[in-house]
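Here the structure comes first, spelled out in structure tokens, and everything after it is commentary.
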Amino acid sequence: MSEMISGADALMQALIAEDVNLVFGYPGGSIMPVYDKLYDYQDRLRHILVRHEQGATHAAQGYARVTGRPGVVIVTSGPAATNVITGIGDALMDSTPMVVITGQVATPFLGFDAFQETDVVGVTQPLTKWSYQIRRAEDVSWAVARAFYIASSGRPGPVVLDFTKDAQVGMTEFSHKKCEYIRSYQPVPEIDEAAIDKAAELINAAERPMILSGHGVMIANAEKELAKLAETADIPVAATLLGLSTMPSDHPLYKGMLGMHGNIGPNINTNKADLLIAVGMRFDDRVTGNVKTYAPDAKIIHIDIDSSELNKNIPVTVGVHGDARSALQRLLEKVKSAKHTEWLKTFDRPDEVEFEKVVKREVYPDSGRMTMGEVVNKVSEATGHDAIVVTDVGQNQMFSARYFRYTKPKSMVTSGGLGTMGFGLPAAIGAKMGEPGRTVCLFVGDGGLQMTIQELGTILEYGTDVKIILLNNNFLGNVRQWQSLFFNDRFSQTPLINPDFVALAGAYGIKAENVETREQLDGAISRMLEHNASYLLNVNIDETDMIFPMIPAGGNVDTIMLNPTEFYKS
């Protein structure tokens with residue numbers, strides 16, 4: 001007979017069997033047996049004690065996004081379980097694999113409003129791929145195996161296991177078998193050969209094709225296949241926000257970012273293209289603008305592993321339901337070599353106008369207070385464009401997306417679909433722990449930083465080397481921009497009275513300095529990057545700084561503001 005072990009012990013062994021070596025979490029009453037057993041596994045299972053449960057989920061997301069492996073979170077019941085909801089929702093929107101284990105009151109107390117009881121399964125079901133309550137110790141291994149399979153297969157996403165206290169202390173025999181199949185769940189569908197044939201036919205006949213590269217390319221590790229398709233058929237490539245770094249920034253066929261604050265060329269040419277090849281992206285409203293006027297002349301090929309995305313927002317000519325890498329490999333067998341020289345030239349004038357009207361003002365100002373664009377550009381250059389960039393949400397995010405450049409895949413970590421302020425600091429911690437050999441630069445605003453600023457304590461405890469560039473304009477900058485443009489400069493509840501961030505960082509043992517003038521910037525960046533530990537630059541940014549180009553919400557993708565009073569003219 002096999003040795004009998006507790007459900008808590010079974011969890012530890014099951015996590016190790018699933019190749020987990022790092023978890024993020026916070027202990028409490030209903031998860032205490034698990035944390036007690038964790039004490040015996042410290043040599044094999046490293047636990048990172050965050051300072052708030054939301055921070056655990058964002059750190060797990062950062063870890064997952066740079067490694068491709070599920071991030072793991074362990075927290076207790078009640079308020080701890082509700083505190084992870086934001087991170088779970090964020091992971092679902094951005095297709096990030098994550099397994100969240102919550103404690104729960106003992107089974108006899110369920111439904112009686114016991115202390116710190118919450119209906120975790122009921123609350124999280126709409127935000128997860130699978131949410132399950134473990135009520136028996138003998139179900140632990142089965143549930144963990146299933147959770148990791150669901151979280152990481154197909155379109156990745158979050159899974160929640162709600163672990164009752166009696167199941168944690170109950171005894172069971174243990175054996176673990178990884179899950180490789182679930183009846184009625186087909187995460188990687190067979191690709192329809194007829195769809196591939198039709199897609200190849202459209203690509204071979206196109207005169208003005210454009211590839212839209214999304215996060216699914218990164219998830220599928222399909223960057224090489226994407227570049228090969230573009231190079232074979234001479235097709236320009238544009239990326240969504242989460243698709244950034246799927247193609248090197250200096251690749252001659254890479255034309256920039258799509259969407260509300262994307263580059264002019266890709267947005268303008270979306271409505272001039274005769275074919276769009278969308279790979280692993282979901283036609284988010286920030287990319288499409290007004291769907292009624294989106295890509296009126298284009299046939300659309302949409303490759304996605306999630307069939308619910310096909311024809312959801314934009315009607316497609318050919319839907320290819322399948323893994324992005326496999327689909328691109330199949331396409332490459334049938335796509336012919338081509339040249340689209342004249343079509344590629346049409347990106348030149350938009351690029352020239354954007355440089356003259358936007359980039360020069362934002363990246364190379366010769367007077368006035370510092371801009372976010374020049375700071376991001378200088379940090380990018382100083383790192384050799386080789387860092388992992390993590391952003392919070394707001395202007396700091398959009399400026400980082402526009403002006404940081406990429407040489408390697410999986411180099412952009414940001415909150416896309418949910419747009420979660422406070423994501424940046426804990427996500428940067430997780431990203432650095434996932435890729436300790438790479439420089440991690442966090443760009444964050446003064447508003448977003450203060451939403452999860454307690455995670456400076458996590459940096460203090462573990463010595464995590466994150467370079468924090470605080471773009472400080474003493475405002476909720478993105479909201480201020482909209483108030484200025486669309487609400488007659490009525491700055492309602494957007495000015496911020498901020499603490500001394502340098503002193504605050506110092507209290508957590510983090511070296512920091514204020515950067516008040518442009519002349520101080522280069523030296524400060526050098527000191528930050530040369531310092532062999534975390535560092536915070538509190539950079540004094542012009543409060544009137546705005547992010548352009550801009551497509552007004554719900555507008556057409558070819559109706560583009562260059563500044564508050566001027567639109568791009570074709």
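These numbers were taken from a predicted model, which means no experiment stands behind them. Position 1 is the first residue of the sequence; numbering continues from there. The figures that follow rest on heavy atoms only: side chains count, while hydrogens, waters and symmetry mates do not.
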Check whether [X] reaches the backbone of [Y] with its side chain - one donor and one acceptor, N or O, closer than 3.5 Å.
{"X": "D392", "Y": "V444", "answer": "no"}
{"X": "K129", "Y": "R155", "answer": "yes"}
{"X": "S380", "Y": "V376", "answer": "no"}
{"X": "R51", "Y": "G457", "answer": "yes"}
{"X": "Y462", "Y": "I429", "answer": "no"}
{"X": "E374", "Y": "R361", "answer": "no"}
{"X": "T414", "Y": "G416", "answer": "no"}
{"X": "Q450", "Y": "D446", "answer": "yes"}

Got a second to check how far [X]'s [atom1] is from [Y]'s [atom2], nearest 0.5 Å?
{"X": "L45", "Y": "Q13", "atom1": "CG", "atom2": "CD", "result": "11.0 Å"}
{"X": "L425", "Y": "L536", "atom1": "CG", "atom2": "CG", "result": "9.5 Å"}
{"X": "L537", "Y": "N514", "atom1": "CG", "atom2": "CG", "result": "9.5 Å"}
{"X": "N396", "Y": "I541", "atom1": "CG", "atom2": "CD1", "result": "10.5 Å"}
{"X": "M370", "Y": "E516", "atom1": "CE", "atom2": "CD", "result": "7.0 Å"}
{"X": "L476", "Y": "L496", "atom1": "CG", "atom2": "CG", "result": "4.5 Å"}

Which heavy atom of [X] sits nearest to which heavy atom of [Y], and what is that distance?
{"X": "K467", "Y": "A533", "result": "NZ-O, 2.7 Å"}
{"X": "A91", "Y": "P158", "result": "C-CD, 3.9 Å"}
{"X": "G447", "Y": "M421", "result": "C-CE, 3.7 Å"}
{"X": "T452", "Y": "G422", "result": "OG1-O, 2.7 Å"}
{"X": "L49", "Y": "T458", "result": "O-OG1, 3.8 Å"}

Ionic contact status for [Y] with [X], cut-off 4.0 Å:
{"X": "D522", "Y": "K378", "value": "yes"}
{"X": "E381", "Y": "R405", "value": "yes"}
{"X": "D284", "Y": "R286", "value": "no"}
{"X": "K360", "Y": "D366", "value": "no"}
{"X": "R402", "Y": "E354", "value": "yes"}

Could you tell me whether the side chains of [X] and [Y] share a donor-acceptor contact shorter than 3.5 Å?
{"X": "S213", "Y": "T246", "value": "yes"}
{"X": "Q54", "Y": "T86", "value": "no"}
{"X": "S6", "Y": "Q168", "value": "no"}
{"X": "T124", "Y": "S131", "value": "yes"}
{"X": "E455", "Y": "H58", "value": "no"}
{"X": "E543", "Y": "N473", "value": "no"}
{"X": "Y35", "Y": "H47", "value": "yes"}
{"X": "T371", "Y": "D545", "value": "no"}
{"X": "T407", "Y": "H385", "value": "no"}
{"X": "R369", "Y": "N540", "value": "yes"}
{"X": "D94", "Y": "T96", "value": "no"}
{"X": "S411", "Y": "S245", "value": "no"}
{"X": "E513", "Y": "Y535", "value": "yes"}
{"X": "D386", "Y": "Y406", "value": "no"}

Do [X] and [Y] make a side-chain contact, defined as non-hydrogen atoms from C-beta onward lying under 4.5 Å apart?
{"X": "R438", "Y": "K432", "answer": "no"}
{"X": "I85", "Y": "T57", "answer": "no"}
{"X": "I88", "Y": "T128", "answer": "yes"}
{"X": "F443", "Y": "L470", "answer": "no"}
{"X": "Q61", "Y": "F423", "answer": "yes"}
{"X": "S30", "Y": "T76", "answer": "yes"}
{"X": "V100", "Y": "T102", "answer": "yes"}
{"X": "H215", "Y": "R65", "answer": "yes"}

Check the pair S534 / D465 against side-chain hydrogen bond (donor to acceptor under 3.5 Å, both in side chains), numbers first and verdict last.
CA-CA 4 Å; S534 281; D465 183 2; 4.7 Å; no

Can you confirm whether [X] is buried at [atom1], in the sense that more than 12 heavy atoms of other residues, nucleotides or ligands lie under 6.0 Å from that atom?
{"X": "K224", "atom1": "NZ", "result": "no"}
{"X": "N532", "atom1": "CG", "result": "no"}
{"X": "F475", "atom1": "CZ", "result": "yes"}
{"X": "Q493", "atom1": "CD", "result": "no"}

Could you walk me through whether I510 and L456 satisfy the side chain to side chain contact (heavy atoms under 4.5 Å, CB included) test, starting with their C-alpha distance in whole Å, then the side-chain angles of each, then the deciding distance to 0.1 Å, before giving a yes or no?
CA-CA 8 Å; I510 298 169; L456 293 176; 3.6 Å; yes

Stepwise, does the side chain to side chain contact (heavy atoms under 4.5 Å, CB included) test hold for M247 with E223?
CA-CA 7 Å; M247 181 171 262; E223 293 88 352; over 6 Å; no

Tell me which one of M260, M281, M257 satisfies side chain to side chain contact (heavy atoms under 4.5 Å, CB included) with L241.
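Running side chain to side chain contact (heavy atoms under 4.5 Å, CB included) over M260, M281, M257 with L241 returns exactly one hit, M257.
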
Can you tell which of V390, V66, T391 makes a side chain to side chain contact (heavy atoms under 4.5 Å, CB included) with M412?
T391

Is the Lys NZ or Arg CZ of K255 less than 6.0 Å from the centre of F347's six-membered ring, within 45° of the axis?
yes

Set out, in order, the CA-CA distance, both residues' side-chain angles and the distance that settles side chain to side chain contact (heavy atoms under 4.5 Å, CB included) for Y364 and F355, then state yes or no.
CA-CA 10 Å; Y364 306 109; F355 184 81; 3.9 Å; yes

Under the rule for ring-ring contact (aromatic ring centres under 6.0 Å, His included), what residues qualify as partners of F148, not counting sequence neighbours?
none

Check step by step if salt bridge (charged side-chain N to carboxylate O under 4.0 Å, His left out) holds for K410 and E435.
CA-CA 10 Å; K410 292 185 174 65; E435 284 284 358; over 6 Å; no

